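Values in this document were obtained by computation on a predicted structure and should not be read as measured data. Protein chains get the first letters and strands the later ones, always in sequence-line order, with residue 1 at the start of each. Both backbone and side-chain heavy atoms feed into the values below; hydrogens, waters and symmetry mates do not.
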Amino acid sequence: MSVTELKNLDTIVSLAKARSFIYQSSEIYGGLGAVYDYGPLGTELKRNIRDFWWKAMTQYHDNIVGLDASIFMHPKVWEASGHVDGFNDPMIDDKQSNKRYRADMLVEGHIAKLRSKDKADEADELQELLDTAGSRKGLCEDLHELIMDNEIRAPESGAFEWTDVRQFNLMFKTQFGATSSGDDGDAVYLRPETAQGIFVNFKNVMDTARQKVPFGIAQVGKAFRNEVVARQFVFRMREFEQMEMQYFVEPGTDAEEYEKWLNKRLEWHKALGIREHKLRTHPHPEDKLAHYAASAADIEYEYPIGWQEVEGIHNRTDFDLTQHHEYSGKKLEYYDQKKQKRYTPYVIETSIGLDRAVMMVLCDAYREEEVDGDTRTVLKLNPKIAPTKVGIFPLIKKDKLQDLAHKIEHDLREDFNVLYDESGSIGKRYRRQDEAGTPFCITVDFDGVESEGEDTVTIRYRDDMTQDRVPVSRLREAINDKMNSWQPE
RNA sequence: GCGGGAGUAGCUCAGUGGUAGAGCAUCACGUUGCCAACGUGAAGGUCGCGGGUUCGAAUCUCGUCUCCCGCUCCA
């Protein structure tokens, strides 16, 4: 049998819509860029992946506790975290080379040039204008005027074809309170990462949750980034969901814990049902580390768009707790009774994009198979995360078969997400469920209800299309057995 | 953000100035005795949106939005 894997992202985008997994946001109004809605099957799939992660974190570790922090946070949080300063730079593009520059740096470069040419007066004058930029029409407008008036050219291309000056802060800003004037003083941000909610609650959890270092805080929630380039389906979205765990450790043990969590997280992806050869870890070189990290690695999946990050593991050191200590004035330290020692814990962060995980799961499960000269599209999802677990069909529309099928549907509903279907031929119903990733289909046939003894039915398996005949009373057990022994192909 | 390409039914697409189309999917009825059968029928589109040209625009034109590819950026 020839099997084809996913070749391009369009295939998944189409299937995701056709089978009610993922739609573009506000589609009837033309769509909203890089924002997506989850449909009926997508919601189930996403929730199952979320639960799978939550269980792996909190239920399987007695030293990891949950948290659900708000999206709105005190504006100071983002000053302390470095998000306000780090991403407020005025930028300008050279239209000829399409290179982007910091507008203020261009002007400073020009000032340096003037000085080297013994034009100190001009340099001083320009420096003063630069220092007061923002006081006339606004920062962007003033900087643009300086660049235009002084005919500052692009350093590399030498061109003088500039775009407007724009500020790229990736945080969404809104106002707080009914009497807001809209000034920056009232500004609050939609959180650009969930991690800070954990750091600012570190003291609360320490004081009330009876945890000792090392311990972790896990959280799932929405985050928002006003990406300049947001593309490639749900891979890079402006509104997305993160699943994060911050693990607080004693300084000195951080390198070891970092390695441990990197391995643990890779194992989780395998347990989720992702094929091993499609996963790899990718350590960040030291010169590319973020401002807070001592070491960092991505867990990458080979999407149709190439190897891309699904999850990041970072050693954030004591950067965040120290920053919040400094900005809030509240001590964020830990006192170890046994060792009689006080310290600011180091933090190992595991941070996975839930939407990226959904996309990974869909891509990894997708197959096109040749069956008797026909093409079968199938999602070979791990049964544990499949949106629908069991399809239940009467072979044809006859009372005797329909009645038993409905009875089984009713019985299994307590344990599994089930679906009853009697429309179309039996083969068509199987294929429909193949595309939705339903791992098991139960068919009620005449052989099963007309023979002596207990009624039997067939279970048809999605992955290899084989069937077993099973007594009705053993269905639950048979499904659970198969679900637990499932392995990716 | 820049350059290029594209937007017509749920999906894939045809239609280059004159009545809005096909295949698949969906729904109904009949049929169907295990892998996308068949028959009949139905539903679904102010052709992304807004201006303009024209007797007449899906088609020409301008603007705008969205998506794709490349560049750029990326906590």
Rounded to the nearest angstrom, tell me the gap between atom CD in A/Glu244 and atom C1' in B/A75.
11 Å

Can the ring centres of A/Phe224 and A/Phe240 be said to be less than 6.0 Å apart?
no

Does B/A25 have its OP1 or OP2 closer than 4.0 Å to a side-chain nitrogen or oxygen of A/Lys428?
yes

Taking the six-membered ring for Trp, are A/Tyr303 and A/Tyr301 closer than 6.0 Å centroid to centroid?
yes

Table of protein N/O atoms under 3.5 Å from nucleotides 11-14 of chain B N/O atoms:
unit_1	atom_1	unit_2	atom_2	d
B/C11	OP1	A/Lys17	NZ	2.5
B/C11	O3'	A/Ser14	OG	3.4
B/U12	OP1	A/Ser14	OG	2.8

Could you tell me whether the side chains of A/Glu244 and A/Gln219 share a donor-acceptor contact shorter than 3.5 Å?
no

In whole Å, measure the gap between the C1' atoms of B/G45 and B/A58 for me.
11 Å

Rounded P spacing from B/C2 to B/A43 in Å:
46 Å

Roughly how far apart, to the nearest Å, are B/A9 and B/G21 at atom P?
14 Å

Would you indicate what A/Leu395 reaches in the nucleic acid, counting non-hydrogen atoms under 4.0 angstrom: base, sugar-phosphate, or nothing?
base

Please find the pair of heavy atoms, one from A/Lys380 and one from A/Glu489, that lie closest to each other, and give the distance.
NZ-OE1, 2.7 Å

Taken to the nearest whole Å, CH2/A/Trp78 to C1'/B/A75 is 11 Å

Side chains of A/Ser473 and A/Glu454 only: does a donor on one sit below 3.5 Å from an acceptor on the other?
yes

Quickly work out the A/Phe240 CZ to B/C74 C1' distance and round it to whole Å.
11 Å

Which whole number of Å gives the distance between the C1' atom of B/A36 and that of B/C11?
15 Å

A/Gln24 side-chain proximity, nearest of B/C34, B/G33, B/C67:
B/C67

For A/Thr443 and A/Tyr430, test the side chains for any donor-to-acceptor distance below 3.5 angstrom and give the result as yes or no.
yes

Closest to the 5' end of RNA chain B, once A/Val35 and A/Arg19 are matched to their nearest nucleotides, is A/Arg19

Regarding the side chain of A/Arg432, the nearest nucleotide among B/A75, B/C27, B/C35 is B/C27

Same-atom distance (C1') from B/A14 to B/C24, integer angstrom
15 Å

Using purine N1 to pyrimidine N3 plus N6-O4 or O6-N4 for Watson-Crick, or N1-O2 and O6-N3 for G-U wobble, each under 3.5 Å, what pairs with B/G50?
B/C62

Residue-level proximity of residues 469-479 of chain A to RNA chain B when a heavy atom falls under 4.0 Å:
none

Distance, P atom - from B/U8 to B/C68, rounded to whole angstrom:
14 Å

Do we see a donor-acceptor contact under 3.5 Å between the side chains of A/Glu309 and A/His282?
no

Under 6.0 Å between the ring centres of A/Phe202 and A/Phe248?
yes

Would you mind telling me which of B/A75, B/A36, B/C67 lies closest to the side-chain atoms of A/Glu435?
B/A36

B/C60 versus B/G17 - spacing of their P atoms, nearest Å:
9 Å

Out of B/A36, B/U26, B/C34, which has the shortest distance to the side chain of A/Gln467?
B/C34

Could you give the distance separating B/C49 and B/G7 at their C1' atoms, to the nearest angstrom?
11 Å

Sorted by position of nearest nucleotide on RNA chain B, 5' first, the leading residue of A/Asp374 and A/Glu450 is A/Glu450

What nucleotide, of B/C27, B/A75, B/C35, holds the atom closest to the side chain of A/Ser423?
B/C27

A/Gln196 side chain to A/His324 side chain, donor-acceptor N/O pair below 3.5 angstrom:
yes

Give the nucleotide from the list B/C35, B/A36, B/A75 with an atom nearest to the side chain of A/His83.
B/A75

Assess, by modelled atom type and distance only, whether the side chains of A/Tyr461 and A/Asp468 contain a donor and an acceptor separated by less than 3.5 Å.
yes

Taking N and O atoms by type only, does the side chain of A/Arg236 place a donor or acceptor under 3.5 Å from a partner on the base of B/C74?
yes

